[in-house]
There are 2 protein chains.
Amino acid sequence: MTRKSEDAGRSTIRDVATRAGVSASTVSRVLGGAYPVSSATRTRVMRAVRELDYVADARAKAIAGVGTPTLAFVLEDITGPSFAHMAHGVEREATRLGHLCLVCSTEGDARHELEFVEMMRAQRAAAVILVGGTADTPEYRDRTRRMADSLASVGSRLVLCGRPPLGPGAPVTVIEYDNEGGAYALVAHVLTQGHRRVLFLGGKPDHTTAQDRERGYLAAHRARGIEPDPALLLHGDFTRDSGHRLMRRAIEAGLEFTAVVAATDMVAAGALTALHEAGLDVPGDISLAGYDDIPFARDLHPALTTVHVPYEELGRLAVRTALGRTPETPDEHLLLGTHVVVRDSVGPVS
Amino acid sequence: MTRKSEDAGRSTIRDVATRAGVSASTVSRVLGGAYPVSSATRTRVMRAVRELDYVADARAKAIAGVGTPTLAFVLEDITGPSFAHMAHGVEREATRLGHLCLVCSTEGDARHELEFVEMMRAQRAAAVILVGGTADTPEYRDRTRRMADSLASVGSRLVLCGRPPLGPGAPVTVIEYDNEGGAYALVAHVLTQGHRRVLFLGGKPDHTTAQDRERGYLAAHRARGIEPDPALLLHGDFTRDSGHRLMRRAIEAGLEFTAVVAATDMVAAGALTALHEAGLDVPGDISLAGYDDIPFARDLHPALTTVHVPYEELGRLAVRTALGRTPETPDEHLLLGTHVVVRDSVGPVS
DNA sequence: ATGAAAGCGCTAACAA
DNA sequence: TTGTTAGCGCTTTCAT
């Protein structure tokens, strides 16, 4: 007739206590670990625990002050290879540090993002990691700033990972990787091969990651005294299909170029297929380069020259940095380097 | 001198109550939604909430009986494209249904998996979804059975997704997809092209997914009265590197075959590169097929013939099925179909 | 319509 | 070494 008997299984610490003939605190102490308990009682308690298959309710522990800390990871789409790698880094590091790891895909919807962050605030997550570039509008800064403040107000922390920083004073940790630098180096490499008309398959015009890579493309040209033809700057998004479509159109439009630099490896993959479909040889007729160094880059044919970004490390670092701070820690802003991986898809201009 | 003043931000429902000059219950009622509250009070409370930027502690709500339900997703490695798609499906459906979504990568470590499931039991997760094939040993069944029971005992539910079922009586939901059938159809397609010596690049010999696909390979041969040469059955794992290595060795060893079927698209990608490195043309010299239909399959050159698996749908279904049940629901066991996607990497035998 | 009090499952300070 | 009591932050009777 006890509560337990009708609600089989959901045993509480009191059920265990009763069964072991001790008080709830004693059970708590036995389970808690380091605390003096006679080995006789300990045995009895443990037996009761086993018999009831008892596990303490983590939520109750949490509000009593001894919860498993949680960490949240917010991205647009876990399906993108680079995001997946970051997610992996985050998840690995979080569990290593004894944290639970919540995920949320926003599908690029700011409202969804906002709601989720609010939930995380309610969950008292130790940190919320926002991943991936976005349009850097005043509205963005404002909204994000608000999230940062409200998280900070409950002792949590906002981390911006590969996402535009907010300017001074915002309680955020930002971890970036050098998109412009990577693109600069990559395009410099292409130019070194003698190419002068390099098509750029970019992302959304207002997307920070896309912008930074485009900036690198431009800078590399200008550093060699070349003013790139604006007609060679195409915009789409970071998907494979975008690359395919843009490339096909460029060919059909009779655009002249001897090399193409894609904003991501996904874009490059689509572009490569379009090039093949047009009967063009890479790098014989046209050179091609990507960005991100996803695992598949090696298996494209020809193997793709690209820029390596330490995504997994980025994720790990985000977690470590966010979790390693004390209230006195100044706001960090890290910038990770990238490097060009030369493979077979870029050759000398013919 | 209130608690709040020194512990800025972490305001509780009582802080709000005080500030609004009402009782905590009233605040709870206002926030709770549908309950008669004078609009004057409501306004005062809402103002206090805003001023304090208050959010109710989700954990406290949970133990009081009104928590946000949670759902856990356990896989080997989020980095694998097919896993990522399942994860996406799970996450999407979970949020659609108002659930939070926890993730854990086990890196294939059973102990890690066990620990995580125990944590989820403590969290009172609504369901725990275990993803991906594994060695189907008695030890596995035993361990998993135990997890299923212990989850059930706290009102949670174990879901096996693309993972071997446990036999009757276990409180689990299992969602599978037809690995054997898909492989059968794929290999039948290859045989139809006249190939008689088809190399199979398999996974770990005791991995269920690998076994099922291998079984399909075998069955398709036998259905045509062909007894496949055991020397053509190679084992590795599901990675790109495994495919590359296996393929290279097979070529070096002078193995004779006119087509190769890889256990996954990743394996196929590695194999393709090895084929190219050996100067072999696909499908001119050798035909090649994969399994999974990851997005990149289209961009391999030639575009990869493969088996489409509805991974995202699988994830969504797992969530819907697990969450949609009542204690009376019989244990479901769903089997999703797959289909061959014919592209350019398989051609007639030369 | 609102407040006081009890309770959710746990831990910790205080006694014994 | 162990039990009693008082919280943790919230919801929900039960009164009023």
Side-chain angles (χ1 to χ4, degrees), chain A residues 2-4 7 9-46 48-49 52-69 119 121-124 153-155, chain B residues 2-4 7 9-46 48-49 52-69 119 121-124 153-155:
Chain A
T2 69
R3 205 186 41 65
K4 210 218 130 275
D7 198 1
R10 273 101 154 164
S11 19
T12 76
I13 198 169
R14 269 185 292 274
D15 299 320
V16 177
T18 309
R19 187 170 247 267
V22 298
S23 76
S25 348
T26 300
V27 175
S28 173
R29 291 197 265 255
V30 174
L31 263 30
Y35 202 93
V37 178
S38 92
S39 80
T41 354
R42 151 164 287 114
T43 316
R44 295 218 314 289
V45 169
M46 289 314 278
V49 166
L52 261 29
D53 199 12
Y54 167 81
V55 238
D57 187 315
R59 292 112 27 120
K61 297 186 73 152
I63 91 162
V66 288
T68 313
M119 285 191 127
R121 196 159 82 100
Q123 293 287 343
R124 304 299 188 256
S153 84
V154 297
Chain B
T2 69
R3 206 186 40 65
K4 211 220 128 275
D7 198 359
R10 272 100 154 165
S11 18
T12 76
I13 197 171
R14 269 184 293 273
D15 299 319
V16 177
T18 309
R19 187 171 248 265
V22 298
S23 76
S25 346
T26 300
V27 176
S28 174
R29 291 198 264 255
V30 172
L31 263 30
Y35 202 93
V37 178
S38 91
S39 82
T41 340
R42 150 163 288 115
T43 316
R44 295 220 313 290
V45 169
M46 290 313 279
V49 165
L52 260 29
D53 199 13
Y54 168 79
V55 239
D57 187 315
R59 292 111 29 121
K61 297 187 75 154
I63 91 163
V66 288
T68 312
M119 285 189 129
R121 198 159 81 98
Q123 293 287 341
R124 304 300 187 253
S153 84
V154 298

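Values reported hereafter were calculated over all heavy atoms of this structure, with side chains retained and with hydrogens, waters and symmetry mates removed. These numbers come from a predicted model, not from an experiment. Each chain gets a letter, A, B and so on, in the order its sequence line appears, and its residues count up from 1.
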message: For a quick test of reading the model: is some side-chain N or O of Ser23(B) closer than 4.0 Å to OP1 or OP2 of dA4(C)?
response: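 For Ser23(B), the contact criterion (side-chain N or O under 4.0 Å from OP1 or OP2 of dA4(C)) is not met.
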- request: Just jot down the side chain to side chain contact (heavy atoms under 4.5 Å, CB included) partners of Ser28(B), sequence neighbours excluded, or say none.
  value: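 Side chain to side chain contact (heavy atoms under 4.5 Å, CB included) list for Ser28(B), sorted by chain: Ile13(B).
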task: Name all residues meeting the side chain to side chain contact (heavy atoms under 4.5 Å, CB included) criterion together with Ala58(B); count only those two or more places apart in sequence or in a different chain, and write none if there are none.
output: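 So Ala58(B) forms a side chain to side chain contact (heavy atoms under 4.5 Å, CB included) with Ala122(A), Gln123(A).
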field: Pairs satisfying salt bridge (Lys or Arg N to Asp or Glu O under 4.0 Å), at least one member in residues 18-34 of chain B, at least two apart
entry: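 Every salt bridge (Lys or Arg N to Asp or Glu O under 4.0 Å) pair that includes a residue of residues 18-34 of chain B, provided the two are not neighbours, is Arg19(B)-Glu51(B).
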side-chain hydrogen bond (donor to acceptor under 3.5 Å, both in side chains) involving Ser25(B) - partner list, sequence neighbours excluded: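 With sequence neighbours excluded, Ser25(B) shows a side-chain hydrogen bond (donor to acceptor under 3.5 Å, both in side chains) to Ser23(B), given in chain and number order.
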- prompt: How would you list, by chain and number, every residue that makes a side-chain hydrogen bond (donor to acceptor under 3.5 Å, both in side chains) with Thr41(B), sequence neighbours excluded?
  reply: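 Thr41(B) satisfies side-chain hydrogen bond (donor to acceptor under 3.5 Å, both in side chains) with Ser38(B) once adjacent residues are dropped.
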message: Give me each pair satisfying side-chain hydrogen bond (donor to acceptor under 3.5 Å, both in side chains) with a member in residues 54-66 of chain A, each pair once, sequence neighbours excluded.
response: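 Sorted result for residues 54-66 of chain A: Asp57(A)-Arg59(A).
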field: Minimum heavy-atom distance between Met46(B) and Val30(B), given as atom pair plus value
entry: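 Distance-wise, the nearest heavy atoms are SD-CG1, 3.8 Å.
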message: Minimum heavy-atom separation for Asp15(A) and Thr12(A), please, with both atom names.
response: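 Heavy-atom minimum between the residues: OD2-N, 2.7 Å.
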message: Need the bend value for the helix from dA1(C)-dT16(D) to dA16(C)-dT1(D): angle between end axes, 5 pairs each end, nearest 10°.
response: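 Roughly 40°, once rounded to the nearest ten degrees.
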query: Base, backbone or nothing for each nucleotide of nucleotides 10-16 of chain C, written B, S, -, heavy atoms under 4.0 angstrom, 5' to 3'?
result: BSBB---
task: Take the protein atom CD1 of Ile63(A) and the nucleotide atom P of dG7(D), then report the distance between them rounded to whole Å.
output: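 The distance from CD1 of Ile63(A) to P of dG7(D) comes to 14 Å, rounded to the nearest Å.
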query: dT2(D), dG3(C), dG3(D): which one has an atom nearest the side-chain heavy atoms of Val22(A)?
result: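 Among the listed nucleotides, the one closest to the side chain of Val22(A) is dG3(D).
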